[in-house]
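Take a look at the structure set out below.
Throughout, protein chains are lettered first and strands after them, A, B, ... in sequence-line order, and every chain is numbered starting at 1.
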Amino acid sequence: MTKLNSKIPEGKLKDKWSNYKAHQNLVNPANKRKIDIIVVGTGLAGGAAAASLAELGFKVKNFCYQDSPRRAHSIAAQGGINAAKNYPNDGDTVYRLFYDTIKGGDYRSREANVYRLAEVSNSIIDQGVAQGIPFAREYGGLLANRSFGGALVSRTFYARGQTGQQLLLGAYSALSRQIGLGNVTMYSRTELMDIVIVDGKARGIVTRNLITGKIESHFGHAVVLATGGYGNTFFLSTNAMGSNGSAAWKAYKKGAFFANPSFVQIHPTAIPQHGEFQSKLTLMSESLRNDGRIWVPKKLEDAKAIREGKLKPEDLPDEDRDFYLERRYPAFGNLVPRDVAARAAKERTDKGYGIENNPTKEGVFLDFKYAIERLGKDAIEEKYGNLFQMYEKITADDPYKTPMKIFPAIHYTMGGIWVDYELQTTVPGLFVAGEANFSDHGANRLGASALMQGLADGYFVLPYTIQNYLAYEIGTERMNPAEHEEFKKAEKDVEALIDKLMSIKGTKSVDYFHKKLGKVMWNNVGMERNEKGLKEAIEKIQEIKKEFWSDLKIPGEKNSLNVELEKANRVADFIEIGELMARDALNRDESCGGHFRSEHITEDGEAKRNDKDFMYVAAWEYKGENEEPVLHKEPLSYEEIEVKTRNYKTA
Amino acid sequence: MSAKTINIKLKVWRQKDANSKGGFEDYQLENISTASSFLEMMDVLNEKLVNENKEPVAFDHDCREGICGMCSMFINGRAHGPDTLVTTCQLHMRTFKDGETIVIEPWRTGGFPVIKDLMVDRTAYEKIMQAGGFVSVNTGGVPDANAIPIPKHDADEAMDAASCIGCGACVATCKNSSAMLFVAAKVSQLALLPQGRVEASKRAKNMVAVMDELGFGNCSNTGACEMECPKGISLAHIARLNREFLSANIKG
Amino acid sequence: MSNFISSSIGKKLILSLSGLFLITFLLIHLIANLFLLGGSDAFNTAVHFMDTNPVIQIMQPILALGFVVHILYGVIIQLQNWKATPVNYKTVNQKESSKWSARNMIWLGLFVLAFLLIHLGNYFYVMKFAPHDMGSTLVDGVEMHDAYSLVTGLFTNPSFGVIYSIIYIIGFVALGLHLNHAFWSAFQTIGWSNDVWRKRLSTIGTLYAILIAVGFSIIPLYFLFIK
């Protein structure tokens, strides 16, 4: 029988969070300072949680692999953050934000968690303004909003095209304050290597100092992972180069269940890749779809001429352009959810209408000509100036004059470590927040919701729910890792892993394996999946794993700064994550959200869900090296929502 | 833009660790696509070095889209290389000519000691931020976001300052190793907004005090920081910092 | 207060205020010097006025203090700045990011200082401490020192007049370059600048620098070529 207890509070949906807070256990102020909390990650979820917990009086140890907490990849989010403020008076409510998020996630997220997310969304904006985040404003001095994919209201707050940066710097400022006050001890350039379990509870972590290579242990009464997603399993993604799934994977191996690993978001508007040496993909904010129109040529010969540089896209007359999103989805047009927009682009390029001159001919146009005609160049520059500048720096094309080229790219992972309503995993004392958990976005995340979820978890959920656990831990004395058997054993295991990696002394670099894995993932576990491809992927990934552990080459030493060793440690985990993703995708024999099985499509090519058999969260339990993981199902039920087929053709 | 390929020579600073002496190493790379980013070129170099069983060049980088502020190379005598308003990761190889020699050095300033090769330690920036780069509010219990209207012009100017990515190019390019643009960006952003105004004096004093303690140089207004800042943060913010600092001290 | 004075911005405030004081002095000095163009009586009258005016007399030690403070703080700030950059780049290309004069304020300043010392030896010392080396002259019945001959004598001296004039002009060109950056920079340090005023103040600064450099240089040129 399943071990999953999602601990959803009693009561009506809208009362659950209030009820929970009213009845949960709290830790009294005198005891808080006797309690250590480890927070791994300094992004929106981690940074916000570390700062908020320290403000409450807990002693926090915060870790990041970068040189500063301010570098976490939340910083790269461009477009905005949703909140149900209804400032524009266009009919938004908490319920509507909740409903849009559930619907956008294609009915594969947990209702109570999503409702809570919508409920606390407004507080995030208040908090941000109080921290001095310079959100965009109207001339009257009040906050401005823009619309985003998958919604019929304007509920997205933004700070130019740098919303993630500003929100992160807000959390970072709060964190810096707590570091300065001595309530948070910051460990930067430090990577998590393992999680330490003592008597069934998470009690600490083992880390590697990335400069000296030193292996160290840290104790905490509870451990919070806010380590982001595992999109880099695909090698090419919009994630940062260092973004990795290792912390989540170590947690999985220590008994936390991994939920819906195959739910990956493919973002429709990244800059197409230029060639073999491409190291990452750069996103162009989804907000651009507000004013840009997406098209490919109607005729194959025009597409070919554009690829070959014989025809300039701006010279192609309107009647020869196929605005395929507006054609297929008249109600939402260019603002359909990400998965829909991404697949529509793939559909066109698969048929040969791609316009980019790269090996895969992958690319479609995002055109601002019409918006510039309608609003003027100044208005467009005001809204998107920095994005246009960034695009021009990368491609040497001027998007004011010629349409942008875009193509879908791996962007976000909705899947992650399984957590209950309290954000606690199946390992007591181990909590997971932000992108690293699975709970709020179902099979597809709406734009401007990642920032919302990360900050909701970090500021307004975890600081409450973790106390319900810690209230029972006030009697637990701080442990000294140097003298504790479990810590010593964990350190030894980490040393052994590093020695094993260093001693392979093969012939191939880490990147060789990572790129190879990425290709398998993109081709077989990417935008379109099927049984044959997924089975093939599992086989291929197992081969890559074997080759990795027999032919990897890492120059340098383990006891110093060794970038190749860092990467090897992460890629070793990516290989295993990739396999679990394929397994999960294979198990989920339906199409939903970003998970698109070509065996399950409607007559007009849309994703076809199977609610009867698959309305559940697939949570995988690790059973040991070379053992098949075991699937646990958390059934999803919707009390306040009628489950429908997503439809973006008509409102 | 159609891409072509170029051959280049590299002169790269190699230094084993903080205590070693270090020196330049020469490398040669062929067939680099001009559509590649500078760091993708470095990836090619490192892949080559690993295949030759040599240690790859260590350099800081992460987001590779010009926002995390981690990348930090001094290329051909300029912070983030010969292009304006870009970070190293956004610099593209089309900026260089076939056959060109490219000199790559780490940030060189007393405030940012070298860790290894092209990596430097920017902890000093953290300490400055911890001294006052925040508004002292705790999570929760804050007023409604629209409770205080803020003139759009002020919000926009605050946003200009807030776009600082903390990369350190301003200090790296400054002949005085002054951190004034970095400090000014934060002080100015928060001084412009009513939420930050409350403790503006204290903030200016504390952040400048820590900046001075950490051994950064004195600003002589050459303006190089502004020109090399990947986000184009204006010297006007330094003027505002000076104003804030002076008035804070006059008020006592 | 001592924290304030020893802070980086505090030191720069002293540098900029003393600099602005010296900038004002330069204008007065230039006006006085331009009397040279009006001939012997005009200049000697002006010098006599300065010599006997109590305000000027009070201002003189303050001016000297202004110089000392400006030079002292300029040097202290520069020494700290060198210390802040222990290792230099192998390749530096700052042509596109800043003005040459802005980067070389210390050298321009020290060059001007050297010139100042020569200048003080030639004129100020004589006028102040060895006035009897000058002849005397009568203007409108008042006896006064013949400073005019002392000054013009140096420019028109047959053996070193030309070289002296060239040194004099180079000295003021250096001062002009120093001022070209200094003027706006002083306001920036006080905090009296923003994106709009920066352009205005820079332009005024450049015009002022030209005025000083050209204004002072006219004098030797006048005596070499016209007189």
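Between the side chains of B:Ser177 and C:Thr85, at least one donor N or O sits under 3.5 Å from an acceptor N or O. In summary, the side chains of C:Ser7 and B:Asp212 do not present any donor paired with an acceptor at a separation below 3.5 Å, with no hydrogens or angles considered.
Using a 4.5 Å cut-off between heavy atoms, B:Ser178 makes no contact with chain C at all. Looking at C:Ile77, both its backbone and its side chain come within 4.5 Å of chain B, counting heavy atoms on both sides. Only the side chain of C:Lys11 comes within less than 4.5 Å of a heavy atom in chain B; its backbone stays farther off. Residue B:Ile75: no heavy atom, backbone or side chain, is found under 4.5 Å from chain C. For C:Arg198, the part sitting under 4.5 Å from any heavy atom of chain B is the side chain, from C-beta outward, and nothing else. In this structure, chain C has heavy atoms under 4.5 Å from both the backbone and the side chain of B:Ala172.
Note that CG of B:Leu246 is 6.5 Å distant from CD1 of C:Ile9, once rounded to the nearest 0.5 Å. With rounding to the nearest 0.5 Å, the separation of CD in C:Glu96 from OG1 in B:Thr84 is 9.0 Å. Distance check, rounded to the nearest 0.5 Å: OG of B:Ser220 to CE of C:Met105 gives 8.0 Å. Note that the CD atom of B:Glu226 and the OG atom of C:Ser98 stand 11.0 Å from one another [nearest 0.5 Å]. Here the straight-line distance linking atom OG1 of C:Thr91 with atom NZ of B:Lys11 works out to 8.5 Å at 0.5 Å rounding. The NZ atom of B:Lys175 sits 4.5 Å away from the CD atom of C:Gln78 when rounded to the nearest 0.5 Å.
Contact record, B:Asn218 with C:Gln80: ND2-OE1, 2.9 Å, taken as the closest heavy-atom pair. Across B:Ala236 and C:Asp195, no two heavy atoms sit closer than the pair CB-OD1, 3.4 Å. Residue C:Ala84 comes nearest to B:Gly215 through the heavy atom pair CB-O, 3.3 Å, listed as atom of the first residue, atom of the second, then distance. The two residues B:Ala224 and C:Gln94 have their closest heavy-atom pair at CB-NE2, 4.5 Å. The minimum heavy-atom distance linking B:Arg243 with C:Ser193 is given by the pair NH1-O, 3.3 Å.
Proximity of a side-chain donor or acceptor of B:Asn176 to a complementary backbone N or O of C:Asn81 within less than 3.5 Å is not detected. Between the side chain of C:Tyr89 and the main chain of B:Asn76, no donor-acceptor pair closer than 3.5 Å is present. No donor-acceptor pair closer than 3.5 Å links the side chain of B:Glu228 to the backbone N or O of C:Ser97.
Residues C:Asn88 and B:Arg108 are not in side-chain contact: their nearest non-hydrogen atoms beyond the backbone lie 4.5 Å or more apart.
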Evaluate side chain to side chain contact (heavy atoms under 4.5 Å, CB included) for B:Asn221 paired with C:Trp184, printing each intermediate quantity in order.
CA-CA 9 Å; B:Asn221 305 325; C:Trp184 164 75; 3.8 Å; yes
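Scanning for side-chain hydrogen bond (donor to acceptor under 3.5 Å, both in side chains) contacts around B:Glu157 gives B:Arg240, with sequence neighbours left out.
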